[in-house]
Amino acid sequence: RPLDTAMARLGVKGAFRQHFLPEGFQSDRTVLLVVHNLDAVDRPEKLNALIALRAALAEQGLDLLVFHHCRNPIPGDLPEINYFDPFFELIQQVQGAALARQVRNHVPQERMSAVTGALYGFYASLNFSPRSWKDCIEQVEDEAQRLFTVLDAVKPRYVLLWHQWNTVMEIGRSLCDSMNLPRAYLHEGMLPKTMTFDPQGMMAEAESVGARLSAPGVEPLPEDQVWLDRADVVIARIRDEALDRKHASAIRVGDVGRKLAEGLGAKLVFYAGINDWHSGNLPETGGKTHSPHYRDTMDGLQALLEIAEQNDWLILFKPHPNLYPAVITSHPRLFTVREGNTIDCIDVADVVVTILSSVSYISMARGKPTVLLGRNTLSGTGAVAEISSREALGAVVTEALSAQGFEQRAAAFRNHVAALLKDHLYHYDPEDTLATRGQSVLAQRLRALAGVDAAAGAKHVMHRKAEAEAWATTWETAE
């Protein structure tokens, strides 16, 4: 029993290092990525992006190490600590209650309870028979103990959390903050084929909320024109290639909704649902940041249906593809599409409404008036219509339907996309340069944030200036 022998001879941390860490491992040069399911064969771009990031970090003298929450190993040679490795069960046996106490020193009971409640709510939202509270408590405690063990043994220079709202990442945020480990979020970007890096959070917590190259009514700086030109190219690609962040469904039933609306003499309002438990909207204790006026997707739907008749609307509703709402009430002004193609729904609609879905980016790129009921990174840009209260819903949607001022909103969207491309988005699929900035630029930023040396930050700025000048002369021929 080699693991037991190693534990007896070397102790917990020594055995951990021997079992998991690559030869030449150095804590102060390690970036730890916490991520789920890199084995998905139908979505290789995520793994490809991380392989490219590892190579870029190596050029900066940093090593990428992956704590992988998946029963299957990572394809390829990314250095991996697998969440389901039997070594963690051995550690829990050896350390017992002491390990649980160490975790609780960093994650207070109130925080553990909130994460457990969110896990229970998420399971319930899948319309499965929910796991018991006891099962959810045990899962959260187990995940917290395994992640703490990794952070305590590795002591990485920087931690990347893939996504924000699942139990591992929620606990990871608390552990990193308590253990004084700098961390940031890495995830698919707001635009298709991009990846975002954000030290603050996602959706309404992101540093890119309201990002613009210039304030409304203020001309952008001359040197920023290159980013506006690039935004034009990116928006056109999203529109012309029918790009979406999710894989497109082959089911197209939008025409049915269009004909139903025309038969009623009604405007067609496409309402895109969200994954409430994995977008910050629920639990309600924290959801006010992301959705000040609506408790969840179904609350927003009910609000639309309550005024649909008087405003002569037909609501085309598509729930989030990961969720199966238990009850969708029948209503004469409601047409529900479970598996339909999102872009098809956008194109047939007169207006798009969502609490905070990234569908709002696709709809704006496709020239469709868009209304946010909650908040995401588009908030405050002027690109989309936003509500100030539940009572304002009817008036805001009606104004959006009139398309009044849409040219100004489209210009604001262009300005926002340019700001994202300049400062917040990177390649996702290394083979596709829609985002323009590659993993090499992200690696330089990580080196600067990790404080590896003082010159890295200045090098990052100089590199970006040189890139902008080079891209200005190469985009036309590249496209």
Student: Using 4.0 Å as the upper bound for N to carboxylate O, is an ion pair formed by Asp77 and Arg54?
Tutor: yes
Student: Look at the aromatic rings of His187 and Trp162 and report parallel, tilted or perpendicular, splitting at 30° and 60°.
Tutor: tilted
Student: Can Gln102 and Asp152 be counted as having a side-chain donor-acceptor contact under 3.5 angstrom?
Tutor: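 Gln102 vs Asp152: no donor-acceptor pair found between side chains.
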Student: Assess, by modelled atom type and distance only, whether the side chains of Thr370 and Ser360 contain a donor and an acceptor separated by less than 3.5 Å.
Tutor: no
Student: Looking at side-chain heavy atoms only, is the closest gap between Gln444 and Gln60 below 4.5 Å?
Tutor: yes
Student: Considering only NZ, NE, NH1 and NH2 on the basic side and carboxylate oxygens on the acidic side, decide whether Lys155 and Asp28 come within less than 4.0 Å.
Tutor: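 Salt bridge absent between Lys155 and Asp28.
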Student: Does the side chain of Asp142 reach to within under 4.5 Å of the side chain of Gln92, using non-hydrogen atoms?
Tutor: yes
Student: Can a donor-acceptor pair be found between the side chains of Ser125 and Asp276 at a distance below 3.5 Å?
Tutor: no
Student: Do Glu386 and Val396 make a side-chain contact, defined as non-hydrogen atoms from C-beta onward lying under 4.5 Å apart?
Tutor: no
Student: Val154 versus Phe20: any side-chain heavy-atom pair under 4.5 Å?
Tutor: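 With C-beta onward as the side chain, the pair stays apart.
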Student: Is a donor on one side and an acceptor on the other found under 3.5 Å between the side chain of Asp344 and the backbone of Gly254?
Tutor: yes
Student: Does one side chain, of Asp244 or Tyr361, offer a donor that lies under 3.5 Å from an acceptor on the other?
Tutor: no
Student: Strictly below 4.0 Å, N to O, side chains only: are Arg104 and Glu141 in salt-bridge contact?
Tutor: yes
Student: Should the pair His416 and Phe413 be assigned to parallel (<30°), tilted (30 to 60°) or perpendicular (>60°) ring geometry?
Tutor: tilted
Student: Is Arg71 close enough and on-axis enough to Phe84, meaning under 6.0 Å and within 45°, for cation-pi?
Tutor: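 Yes; both conditions hold, so Arg71 lies above the ring face of Phe84.
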Student: Would you call Glu23-Arg17 a salt bridge at under 4.0 Å N-O?
Tutor: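 Between Arg17 and Glu23 there is no salt bridge, as every charged N stays at least 4.0 Å from the carboxylate O atoms.
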Student: Any side-chain donor-acceptor pair under 3.5 Å between Arg375 and Ser291?
Tutor: no
Student: Taking 4.0 angstrom as the limit, do Glu170 and Arg111 come out as a salt bridge?
Tutor: yes
Student: Of the non-hydrogen atoms in Asn376 and Ser357, which two are nearest, and what is the gap between them?
Tutor: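 Shortest heavy-atom contact: ND2-O, 3.6 Å.
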Student: Using side-chain heavy atoms (C-beta onward) and a distance below 4.5 Å, is Phe67 in contact with Leu151?
Tutor: no
Student: Any chance the side chains of Arg245 and Ser358 put a donor and an acceptor closer than 3.5 Å?
Tutor: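 A pair is found: one side chain offers a donor N or O, the other an acceptor, under 3.5 Å apart.
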Student: Would you mind checking if Asp432 and Arg237 are paired as a salt bridge, meaning a charged N to carboxylate O distance below 4.0 Å?
Tutor: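 Yes, charged N to carboxylate O under 4.0 Å.
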Student: On the 0 to 90° scale, with breaks at 30° and 60°, tag the Phe87-His19 ring pair as parallel, tilted or perpendicular.
Tutor: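 Ring orientation of Phe87 relative to His19: parallel.
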Student: May I ask you to test the Thr297-Tyr271 pair for a side-chain heavy-atom distance under 4.5 Å?
Tutor: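 Counting from C-beta outward, Thr297 and Tyr271 do come under 4.5 Å.
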Student: Any carboxylate oxygen within less than 4.0 angstrom of a Lys/Arg side-chain nitrogen, looking at Asp177 and Arg183?
Tutor: yes
Student: Answer whether the closest heavy-atom distance between the side chains of Thr377 and Met203 falls below 4.5 Å.
Tutor: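 A side-chain contact under 4.5 Å is absent here.
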Student: Without hydrogens or angle criteria, can the side chains of Ser208 and His424 be said to hold a donor-acceptor pair below 3.5 Å?
Tutor: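 Judged by distance alone, the side chains do not pair up.
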Student: Under a 4.5 Å cut-off applied to non-hydrogen side-chain atoms, are Leu160 and Tyr185 in contact?
Tutor: no
Student: Without swapping roles, check the side chain of Arg366 against the backbone of Ile343 for a donor-acceptor pair under 3.5 Å.
Tutor: no
Student: Report yes or no: do Gln139 and Glu143 form a side-chain donor-acceptor pair below 3.5 Å?
Tutor: yes
